[in-house]
There are 4 protein chains.
Amino acid sequence: MDVYINLDFESNEPIYTQLMHQIIAGIAKKELKPGDALPSVRSLAADIGINLHTVNKAYQQLKQEGFILIHRQKGVVINPDGVPQADDQYMNNLTSTLHPIIAESICRGLSKEQVLQLTGELYENFTKKEGGDK
Amino acid sequence: MDVYINLDFESNEPIYTQLMHQIIAGIAKKELKPGDALPSVRSLAADIGINLHTVNKAYQQLKQEGFILIHRQKGVVINPDGVPQADDQYMNNLTSTLHPIIAESICRGLSKEQVLQLTGELYENFTKKEGGDK
Amino acid sequence: MDVYINLDFESNEPIYTQLMHQIIAGIAKKELKPGDALPSVRSLAADIGINLHTVNKAYQQLKQEGFILIHRQKGVVINPDGVPQADDQYMNNLTSTLHPIIAESICRGLSKEQVLQLTGELYENFTKKEGGDK
Amino acid sequence: MDVYINLDFESNEPIYTQLMHQIIAGIAKKELKPGDALPSVRSLAADIGINLHTVNKAYQQLKQEGFILIHRQKGVVINPDGVPQADDQYMNNLTSTLHPIIAESICRGLSKEQVLQLTGELYENFTKKEGGDK
DNA sequence: GTGGTCTAGACCACG
DNA sequence: GTGGTCTAGACCACA
């Protein structure tokens, strides 16, 4: 069962980033499991109608962050050892990423409970079977 | 009482974005209150040693999002009516921003509780007096 | 004082790798010091007559390994904090890199002394003033 | 007595290169001696579960460098006359191979002594009986 | 067939 | 001006 890739070509978010996010989301939802094969650079690029270099950039970055392995000719697979667990560096990044987001949510009048509820719901959506994607 | 601006010129985050975030954080912490005056584009640019255009871009964007008002002669002030409260569009944006962040946190093995705790702590840091910002 | 870039377009070694090696050699020889500016992607590409993407790839990799920083618009500089020092991972890589090289040198009849002398000379060539490059 | 072949299919190093290195290491350790027979292309490929072409490529390259002889019917043997000793071309190759490796080790803060010690240890590991290879 | 490299030209965001 | 992104097409190494 494949993961459906949904790209927004109008978005400011680079396509290769969107692709990365979708694959990471697939892993989070367990639709992609360690060891699973991913489509080749060329076939995925053809499928979603983008350039193979764009797909390649997404794959390279996912590889560099430990989500996937790129075998020489065997293609691309989800890291069989699982994704590297959170370390200090990741937690720092996560904190600085969330920092401005939460600042704005406070300015916009969201209560702590609202923020936590939204966050919790998003988290659960990944862990539910048949979790509704965006 | 001024907000201290701390820019990281080596970050991937654009400087104008960092500037926006710092001002928004100042508002979230109530260090900047509705009606408070902000430095002029020129003086702020000179103070922190960056390009006029960069400060201008940050201000324009903050104005466009309703955080500040820019009067021709009276200068720049925090929106006296307060920041526009969360609407549907903002909530959608917030959701799509958080979505990939939470997806990765799940992949990296963070529990729901860990995510909620981090989020909660960040939220509280803004509402505490003398909240320790970075 | 600039570092002279000498590329071998006939070599099997990718051009971007050669470029990386030359810059690393420049750092080893102290011709490039922490904080020093490097040419922009475009100007270096024009200077040595290769595509800007090839230069970019070398720069990106050097950045990823901590040798250089890429400022948004200020251009490229040698990491002012110095290059990340050897860690376990680097030592493991170094060992597996040297392993087959030394194996072959043994088969070819080089004595331990010969290998150590060659290694030592190469090391010294970097630390000498006016060290003779290849 | 056979040499144990250990391939890493996730490495960036081509499989045929890994195979060559393992055979060369076997010769360096004297586990493979001049005149010793090597498995045929077919049987070796079957044993380690890789493509015929891959084994063939490794053998052809080893032959071309003088490590082995390939007789049409008699099979593959380690060169009975021993491996060609170091000539100028080999020394030049060795030097340019080591050059960038040592440059990086200097950047990463390794002292000359550390480099020589590592090199020496690796050398000794091949000449010791029961040398602990990876 | 696969991914890796290189080239080339275009547009955009940033400062 | 800078780097970042995307596209496009080519050749090669690998299995």
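Computed from a predicted model, the values in this text were never measured in an experiment. Values reported hereafter were calculated over all heavy atoms of this structure, with side chains retained and with hydrogens, waters and symmetry mates removed. Just so we're on the same page: letters track the sequence lines, and every chain starts at 1.
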Participant: Assign C/Y59 to base, sugar-phosphate, or nothing according to its heavy-atom contacts below 4.0 angstrom with the strands shown.
Facilitator: nothing
Participant: Taking the nucleotide of DNA chain E with the closest heavy atom to each, which residue, B/T17 or A/N56, is nearer the 5' end?
Facilitator: A/N56
Participant: Indicate yes or no: at least one non-hydrogen side-chain atom of A/K33 is less than 4.5 angstrom from one of A/I78.
Facilitator: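 They are not in side-chain contact.
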Participant: Touch check for B/N51, heavy atoms < 4.0 angstrom, all strands: base, sugar-phosphate only, or nothing?
Facilitator: sugar-phosphate
Participant: Which part of the nucleic acid does A/N12 contact within heavy-atom distance under 4.0 Å: base, sugar-phosphate only, or nothing?
Facilitator: nothing
Participant: Of the nucleotides E/dT5, E/dC6, F/dG3, which one has an atom closest to the side chain of C/T54?
Facilitator: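 The answer is E/dC6, which lies nearest to the side chain.
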Participant: Base, sugar-phosphate, or nothing: which does A/Q60 touch, judged by heavy atoms less than 4.0 Å apart?
Facilitator: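 The answer is sugar-phosphate, as A/Q60 gets under 4.0 Å only of primed atoms, P, OP1 or OP2.
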Participant: Counting the atoms with a prime plus P, OP1 and OP2 as sugar-phosphate, which does B/I15 contact under 4.0 Å by heavy atoms, base, sugar-phosphate, or nothing?
Facilitator: sugar-phosphate
Participant: Quick one: list whatever passes side-chain hydrogen bond (donor to acceptor under 3.5 Å, both in side chains) with C/T95, sequence neighbours left out.
Facilitator: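 Not a single residue meets the side-chain hydrogen bond (donor to acceptor under 3.5 Å, both in side chains) criterion with C/T95.
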Participant: Taking only nitrogen or oxygen atoms into account, show me every contact under 3.5 Å that the protein makes with nucleotides 10-12 of chain E, one pair per line with its distance.
Facilitator:
none

Participant: Starting at the 5' end of DNA chain F and moving along, which residue's nearest nucleotide shows up first, C/K63 or A/I50?
Facilitator: C/K63
Participant: List, one per line, each side-chain donor-acceptor pair under 3.5 Å for residues 50-70 of chain B, sequence neighbours excluded.
Facilitator:
| residue | atom | partner | partner atom | Å |
| --- | --- | --- | --- | --- |
| B/N51 | OD1 | B/H53 | N | 2.8 |
| B/Y59 | OH | B/P39 | O | 2.8 |

Participant: Using the criterion of both pairing distances under 3.5 Å for Watson-Crick and G-U wobble pairs, give all stems of 3 or more consecutive pairs involving DNA chain E.
Facilitator: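 When the pairs of DNA chain E are grouped into runs of at least three, the stems are E:1-14 with F:1-14.
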Participant: Out of the candidates D/N93, D/L94, D/I24, only one should pair with C/I101 under the side chain to side chain contact (heavy atoms under 4.5 Å, CB included) rule; please name it.
Facilitator: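 By the side chain to side chain contact (heavy atoms under 4.5 Å, CB included) criterion, C/I101 pairs with just one of D/N93, D/L94, D/I24: D/L94.
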Participant: Output all residues satisfying side chain to side chain contact (heavy atoms under 4.5 Å, CB included) with A/N12, sequence neighbours left out; order by chain, then residue number.
Facilitator: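 Listed in chain order: nothing, the list is empty.
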Participant: The criterion is side chain to side chain contact (heavy atoms under 4.5 Å, CB included); which residues satisfy it with B/P14, sequence neighbours excluded?
Facilitator: B/Y16, B/T17, C/R72
